Amino acid sequence: MKLNFFLKTFIALFIIVFIASCDKDINEIGTGIIGNEHFGMDVAYSEVVAYSQNLGPVQTNNLSVNQFGFYNNPVFGKTKASFVTQVALASENPTFYGDPNETNTASPNYIKIDSVYLYVPYFSTFGSTNTDTGDSSYTLDSIKGSGKIKLSVYESTKFLETLDPATGFQQQQKYYSNQQPDFDANHGAIKLNNDDKNIFDHTAVADNSQNDGFVFSEKQIKLYKKIDANTPGYTDVAERKAPGMFLNLDKDFFKTKIFQAPTGKLFNNNVFKDYFRGLYFKVENAAGSPDQGTLAMMNFSSGYITIVYEEKTSLTVATIVRKTMQLNLSGNTVNLLNNENTFPGYVTPNPNTGDRNLFLKGGDGSMAVIDLFSKADNHGYDINGNLVNTPNNVSDELDDLRNPAGGKQKWLINEANLTFFIAKSTMASAPEPNRIFLYDLNNKRPLIDYYTDYSSGIIPKFNKPTHGGLLLDQNGKIVNAKISEKGTTYKINITNHIRSLIKNGGVGVTKDSINVRLGLVVTENIGNPYNAYLSSPFSSGSGTNSVQSKYIPVMSIANPLGTVLYGSNIPLGDPDYNKRIKLEIFYTKPD
């Protein structure tokens with residue numbers, strides 16, 4: 001009886017807690033929970049010094065998602081993003097019974113390549129399916145612009161190393177965003193996507209939609225069973241695919257490269273990748289679109305090449321059968337970025353006073369460097385909390401928060417936020433990144449608030465909304481990018497970081513409680529906290545405070561967008577003074 005009572009009580013309490021924890025509007029996460037209501041709390045505003053830092057070429061091999069296309073950002077200028085990938089046999093050491101040069105269907109050596117096509121799905125959202133036609137509608141995600149691009153697909157003759165020969169094959173090979181000239185000088189002469197058919201309307205006149213006038217279409221891809229020789233157009237849909245890059249490739253090239261490959265070249269993928277070294281997807285502006293095209297985020301690793309061919313069942317059986325062979329776009333990759341970066345109003349960064357504007361740009365663009373608290377260092381405190389009028393390499397402002405003599409030792413830190421205002425007059429109509437990312441520049445890692453935030457967003461890349469960094473509207477709500485809302489601010493919660501600096505700092509401070517320098521970048525996915533190399537490392541600070549940075553968060557490289565934020569150097573009396581970076585610390589004083 002007692003057991004039953006306690007079991008029922010436990011279940012009831014669990015249900016109450018569960019309902020309470022779930023009863024939150026998804027758009028309120030990170031704003032409602034962290035809160036704009038701070039009843040009974042005092043607030044302190046601490047100084048911040050922030051300035052811009054250009055990045056130069058960045059490591060772009062083997063990214064999980066890649067920029068691809070041509071886009072002219074109204075603020076940051078033109079970006080042309082090309083791509084190189086290795087190719088792998090889906091089934092190693094394939095067997096062919098025929099001779100590609102044999103055209104006599106009665107011959108036991110007959111073999112014929114029917115078609116070769118490449119397919120790479122776009123990021124898209126399914127809409128609905130027409131019950132009459134069977135066609136489905138989609139909306140493309142992660143795409144900017146609407147113009148055509150010139151797309152040329154070549155065989156790449158440059159081998160992509162996995163390990164760096166210069167290190168005795170002891171370290172991973174690094175390729176950088178500015179290495180396009182290396183691949184321009186090392187590719188085949190034949191443009192493989194040389195078909196002039198319109199893949200969406202087979203009754204249409206010849207066009208260049210697969211090459212010189214390529215467009216990112218949201219239309220469903222349809223493959224057909226047969227061609228009616230008497231009626232123009234295809235009939236009998238055999239397969240439907242979500243929107244994606246669909247290219248008919250040169251059949252003669254693949255006949256020679258695959259079906260007439262020298263003995264042993266298809267034995268396994270180690271040999272094959274040295275023999276067929278990959279594909280180079282080169283992007284240029286289309287002839288009719290010199291100033292604007294379209295740029296998409298793409299995952300080429302989900303793509304493949306299908307070779308459709310006819311062959312005899314075996315050397316002894318005369319039956320002709322239809323077969324397919326698949327090559328996967330897998331292995332090493334490089335994203336090549338050709339940027340004409342512009343930064344309107346850009347001035348030489350000032351690490352001491354900070355900048356009026358901060359320029360954040362993805363790819364090989366720019367980031368911000370941030371020092372929390374005032375740079376004034378005229379005093380410190382000894383182990384007993386006594387004031388010592390000697391500099392101690394710690395901000396006086398932070399010293400006063402940490403020590404009893406500062407009079408604030410009993411503060412309970414309820415919340416701490418960094419708020420960044422968008423320079424709307426500069427950004428104007430330019431698209432705004434959905435998210436920015438704050439990290440520990442000294443130790444190239446996220447802040448403690450990143451690791452302690454288990455909250456979920458609408459989609460995985462918007463997870464950790466409590467830690468924040470998401471684009472917010474004027475009411476502090478998360479912007480819905482799908483309906484073209486414009487944002488005004490970004491807010492990042494660093495409560496645990498500030499608590500650690502104050503509570504655990506001072507004499508004998510641990511590494512985790514040092515007031516580290518911070519980096520701020522745009523990000524494509526908060527779930528990936530890893531780093532990539534900079535071709536040219538940069539130093540911030542001076543003397544004992546100098547920090548050399550060799551890395552950049554990898555998901556900043558994947559994001560093609562940028563934003564201009566108000567910085568820290570805005571004088572009192574300036575109309576935008578209240579839009580400077582704010583470090584707000586909400587606290588209570590226990591009785």
Side-chain angles (χ1 to χ4, degrees), residues 65-73 78-85 87 115-124 138-156 180 183-184 187-223 241-251 253-254 278-306 327 329 333-340 560:
V65 63
N66 293 272
Q67 300 183 39
F68 186 75
F70 167 49
Y71 178 60
N72 189 356
N73 188 298
K78 299 176 182 178
T79 294
K80 295 174 187 174
S82 300
F83 182 76
V84 182
T85 180
V87 177
S115 61
V116 181
Y117 66 83
L118 176 145
Y119 172 68
V120 184
Y122 301 143
F123 290 110
S124 63
Y138 295 83
T139 302
L140 297 188
D141 300 330
S142 304
I143 190 165
K144 299 298 176 186
S146 58
K148 297 179 179 181
I149 65 171
K150 180 180 179 181
L151 172 60
S152 304
V153 181
Y154 299 103
E155 175 190 13
S156 176
Q180 185 157 2
F183 295 94
D184 281 337
H187 69 70
I190 301 172
K191 180 187 286 191
L192 300 181
N193 58 325
N194 52 18
D195 197 342
D196 62 359
K197 294 183 179 64
N198 185 313
I199 63 170
F200 299 108
D201 183 0
H202 297 283
T203 65
V205 296
D207 67 6
N208 59 3
S209 59
Q210 295 189 59
N211 33 68
D212 291 2
F214 181 86
V215 294
F216 293 89
S217 175
E218 62 185 11
K219 292 182 179 179
Q220 186 180 52
I221 305 293
K222 293 187 284 188
L223 305 182
K241 296 179 181 291
M245 177 188 291
F246 189 94
L247 306 173
N248 289 314
L249 301 183
D250 189 277
K251 294 188 290 185
F253 170 84
F254 284 90
L279 295 177
Y280 173 28
F281 296 77
K282 182 175 181 177
V283 170
E284 301 169 89
N285 57 281
S289 303
D291 295 319
Q292 187 58 279
T294 305
L295 188 146
M297 305 305 299
M298 293 188 66
N299 178 11
F300 279 89
S301 65
S302 60
Y304 54 86
I305 297 169
T306 298
L327 305 176
L329 306 187
T333 67
V334 185
N335 205 174
L336 304 169
L337 304 177
N338 184 347
N339 282 330
E340 300 175 14

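Source: prediction; values computed, not measured. When a residue number appears, it is its place in the shown sequence, counting from 1. Below, each value reflects all heavy atoms present in this structure, side chains not excepted, and no hydrogens, waters or symmetry copies.
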(request) Run the numbers on Asp196 and Asp207 for side chain to side chain contact (heavy atoms under 4.5 Å, CB included), then give the verdict. (result) CA-CA 5 Å; Asp196 62 359; Asp207 67 6; 5.7 Å; no
(message) Given 3.5 Å as the limit, does a donor-acceptor pair link the side chain of Ser302 with the main chain of Asn299, or not?
(response) yes
(request) Please report the shortest heavy-atom distance between Lys241 and Tyr304, naming the atom on each side. (result) NZ-OH, 2.5 Å
(request) I would like to know whether Lys191 and Asp250 meet salt bridge (charged side-chain N to carboxylate O under 4.0 Å, His left out); could you show each step before the answer? (result) CA-CA 8 Å; Lys191 180 187 286 191; Asp250 189 277; over 6 Å; no
(request) Please name all residues satisfying ring-ring contact (aromatic ring centres under 6.0 Å, His included) with Phe300, sequence neighbours left out, ordered by chain then number. (result) Phe68, Phe83, Phe281
(message) Using the rule side-chain hydrogen bond (donor to acceptor under 3.5 Å, both in side chains), only one of Asn285, Asn339, Asn72 pairs with Lys80; which is it?
(response) Asn285
(request) Return the minimal non-hydrogen interatomic distance between Leu140 and Pro243, and the atom names on each side. (result) CD2-CB, 3.9 Å
(request) Keeping the roles fixed (side chain from Asn193, backbone from Val153), state whether a donor-acceptor pair exists under 3.5 Å. (result) yes
(message) Is there a side-chain contact between Pro121 and Met245 in this structure, where contact means two heavy atoms from C-beta onward sitting under 4.5 Å apart?
(response) no
(message) For Tyr71, does the six-membered ring have the charged nitrogen or CZ of Lys144 within the cation-pi criterion, i.e. under 6.0 angstrom from the centroid and within 45° of the normal?
(response) no
(request) Taking the side chain as every heavy atom from C-beta outward, state whether Leu223 and Tyr117 have any pair of such atoms under 4.5 Å apart. (result) yes
(request) With the side chain counted from C-beta on, respond yes when Gln180 and Asn338 share a heavy-atom pair under 4.5 Å apart, and no when they do not. (result) yes
(request) Check for a donor-acceptor pair, side chain of Asn211 on one end and backbone N or O of Asp195 on the other, with a separation under 3.5 Å. (result) yes
(request) Answer yes or no: is there a side-chain heavy-atom contact under 4.5 Å between Tyr122 and Asp141? (result) no
(request) Would you please say whether a donor-acceptor pair under 3.5 Å links the side chains of Asp184 and Tyr280? (result) yes
(request) Evaluate the side-chain proximity of Val87 to Leu279: yes if any heavy-atom separation is below 4.5 Å, no if none is. (result) yes
(message) Any side-chain to backbone donor/acceptor pair from Ser209 onto Asn198? Under 3.5 Å, distance only.
(response) no
(request) Taking all heavy atoms of Ala287 and all of Pro290, pick out the closest pair and write down the distance. (result) O-CD, 4.0 Å
(message) Is there a side chain to side chain contact (heavy atoms under 4.5 Å, CB included) between Met297 and Gln67? Walk through the geometry before answering.
(response) CA-CA 5 Å; Met297 305 305 299; Gln67 300 183 39; 4.2 Å; yes
(message) Tell me whether Lys78 is salt-bridged to Asp291, with the criterion being a basic N under 4.0 Å from an acidic carboxylate O.
(response) yes
(message) I'd like to check Leu249 versus Leu192 (side-chain heavy atoms, cut-off strictly below 4.5 Å). Are they in contact?
(response) yes
(request) Compare all side-chain heavy atoms of Tyr138 with those of Lys219 and state whether any distance is below 4.5 angstrom. (result) no
(request) Kindly indicate, with the supporting measurements, whether the criterion side chain to side chain contact (heavy atoms under 4.5 Å, CB included) is fulfilled by Lys282 and Leu151. (result) CA-CA 6 Å; Lys282 182 175 181 177; Leu151 172 60; over 6 Å; no
(request) Kindly give the heavy-atom pair with the smallest separation between Ala286 and Ile149, and that separation in Å. (result) CB-C, 3.9 Å
(message) What I want to find out is whether Asp212 reaches Lys148 closely enough, with some N-O distance under 4.0 Å, to be called a salt bridge.
(response) no
(request) Show your reasoning for whether side chain to side chain contact (heavy atoms under 4.5 Å, CB included) applies to Phe254 and Ile305. (result) CA-CA 11 Å; Phe254 284 90; Ile305 297 169; 4.2 Å; yes
(message) Between Ser82 and Val283 (side chain of the first, backbone of the second, donor and acceptor by atom type, cut-off under 3.5 Å), is there such a pair?
(response) yes
(message) As an exercise, state the distance from CD1 of Ile143 to CZ of Phe123, rounded to the nearest 0.5 Å.
(response) 12.0 Å
(message) Could you tell me if the side chain of Val116 sits less than 4.5 Å from the side chain of Asn248, heavy atoms only?
(response) no
(message) Could you report the tightest heavy-atom contact between Glu284 and Ser152, atom names first, then the distance?
(response) OE2-OG, 4.4 Å
(request) For residues Ala242 and Tyr119, report the shortest heavy-atom separation together with the two atoms involved. (result) O-OH, 2.7 Å
